[in-house]
2 protein chains.
Amino acid sequence: MNNRTTNLNTHSLAFLAKCLADENRLRILFCVSKEKKSVSMIVEELGLSQPLASHHLKELKRALLVKVERSGPFVYYEITDPRILVILAELDELGTALLSKRTTF
Amino acid sequence: MNNRTTNLNTHSLAFLAKCLADENRLRILFCVSKEKKSVSMIVEELGLSQPLASHHLKELKRALLVKVERSGPFVYYEITDPRILVILAELDELGTALLSKRTTF
DNA sequence: TCAACATATAAACGTTTATACATATGATTA
DNA sequence: TAATCATATGTATAAACGTTTATATGTTGA
C-alpha cells in the first residue's frame with residue numbers, strides 16, 4: 001500500500017498528457033497564458049484556420065486547461081491554472097537535459 | 001523577442017507529452033522508477049503481453065525516458081532521470097485541482 | 001550444435017486523431 | 001428583419017496509434 005506515495009492516477013495523467021501532446025494545442029495554451037484572447041485573435045496570432053483553432057480550444061477546455069468567457073460576439077479563452085506553465089517549463093528543461101546526457105546517438 | 005522567456009520548445013514538448021500520453025507507458029515508467037527491471041518482470045507485474053511491453057519500452061527509450069542495460073539474456077530498463085516523476089506528480093496534482101475547481105459539470 | 005528461454009521486430013487490424021472544407025449557430029448593428 | 005461578423009459543429013479523409021498474432025533475433029546451458 002505504499003504505492004500510494006509513488007504511483008499516481010495514470011488515467012487522468014494520460015488524459016492530460018494527451019491534451020498536451022499536440023503542438024498546436026501547446027501553442028494555443030501559451031498564446032492565452034498571459035491574457036484572455038478571443039478566437040479570432042488566436043487564429044491570427046498563430047496562423048491557424050478558425051475551425052481548427054475552435055476544435056483545439058474545445059479539447060483544451062475538455063481537459064479544463066482553459067476557461068471560456070463570452071463577451072458580446074467574442075468568446076475569450078484564458079488559461080485556467082498557470083501552474084501548467086511551470087510544469088511545461090520543467091518538462092521542457094528535462095527534455096533538454098535528457099538530450100544532452102544521452103550516451104547513444 | 002521576449003517570447004524566449006515564456007514560450008518553450010513546443011516540438012520537443014509535444015514529443016515528450018505524446019510519450020506520456022498512454023496509460024501503459026506511464027505504468028511501465030512507474031514500474032521501473034525505483035529499480036531497474038527486466039522485461040519479463042515488467043510483463044508479469046503489469047500483466048501486459050511481452051510484445052506490447054517491448055513496444056512501449058521502445059517508445060520510452062526513444063523519448064530517452066528510460067535507459068537500457070543488458071545482462072545475460074535479460075534486458076533491464078530503468079528510469080533515466082527521476083525528475084520526470086516529480087513533474088508527473090505535479091501534473092497529477094494539477095489535474096485533481098482542475099477537477100475540484102471546475103465550475104461547469 | 002541443439003533446445004529453451006528472453007526479448008525484439010513485423011505485419012495486420014481497428015480505433016483515434018488532426019486537419020480541411022462546408023455549413024450552422026449565435027450575436028450585433030443597420 | 002436583413003446582413004454581417006464571430007464562433008461552433010458536422011462530415012470526410014488521411015495519418016498516427018495501440019494492440020494482437022506470428023515470427024525473428026539473441027543468449028545460455030546441455
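Below, read A as the first sequence line, B as the second, and so on, with proteins coming before strands; counting in each chain starts at 1. Quick caveat, the model's predicted, so the values are computed rather than measured. Worth knowing before you read on, the calculation uses all heavy atoms, side chains too, and leaves out hydrogens, waters and symmetry mates.
When rounded to the nearest whole Å, the span between CD1 of B:Ile42 and P of C:dA8 equals 9 Å. What separates CG of A:Leu48 from C1' of D:dA6 is a distance of 16 Å, to the nearest Å. Atom P of nucleotide D:dT19 and atom CG of B:Leu57 are separated by 13 Å, given to the nearest angstrom. Across the protein-nucleic acid pair, A:Glu44 atom CD and D:dA6 atom C1' stand 14 Å apart, rounded to whole Å. Atom CE of A:Met41 is separated from atom P of D:dC5 by 19 Å (rounded to the nearest Å).
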Expected string for nucleotides 17-30 of chain C under the B/S/- scheme (protein heavy atoms, under 4.0 Å, primed atoms plus P, OP1, OP2 as sugar-phosphate) is SSBSBB----SS--
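Taking the side-chain contact (heavy atoms from CB on, under 4.5 Å) definition, one finds that A:Asn24 meets it with A:Asp22, A:Arg27, A:Leu48, A:Leu52, A:His56, sequence neighbours left out. Remark: B:Ser40 engages B:Ser38 in a side-chain hydrogen bond (donor to acceptor under 3.5 Å, both in side chains) (not counting sequence neighbours). For the side-chain hydrogen bond (donor to acceptor under 3.5 Å, both in side chains) test, residues two or more places apart in sequence or in another chain that qualify with A:Asp81 are A:Arg83, B:Lys101. Considering only residues two or more places apart in sequence or on other chains, B:Glu45 meets the side-chain hydrogen bond (donor to acceptor under 3.5 Å, both in side chains) condition with B:Lys37. Under the side-chain contact (heavy atoms from CB on, under 4.5 Å) criterion, B:Val68 pairs with B:Lys61, B:Val75, B:Tyr77, sequence neighbours left out.
Among the protein residues, B:Ser54 comes within range of the nucleic acid bases, having at least one heavy atom under 4.0 Å from a base atom.
Regarding contacts with the backbone of D:dA8, every side-chain N or O of A:Lys58 stays at 4.0 angstrom or more from both OP1 and OP2. A:Tyr77 has a side-chain polar atom (N or O) that falls below the 4.0 Å cut-off from OP1 or OP2 of D:dA8.
Within the 3.5 Å criterion, the main-chain N or O of A:Leu64 finds a donor-acceptor partner in the side chain of A:Thr80.
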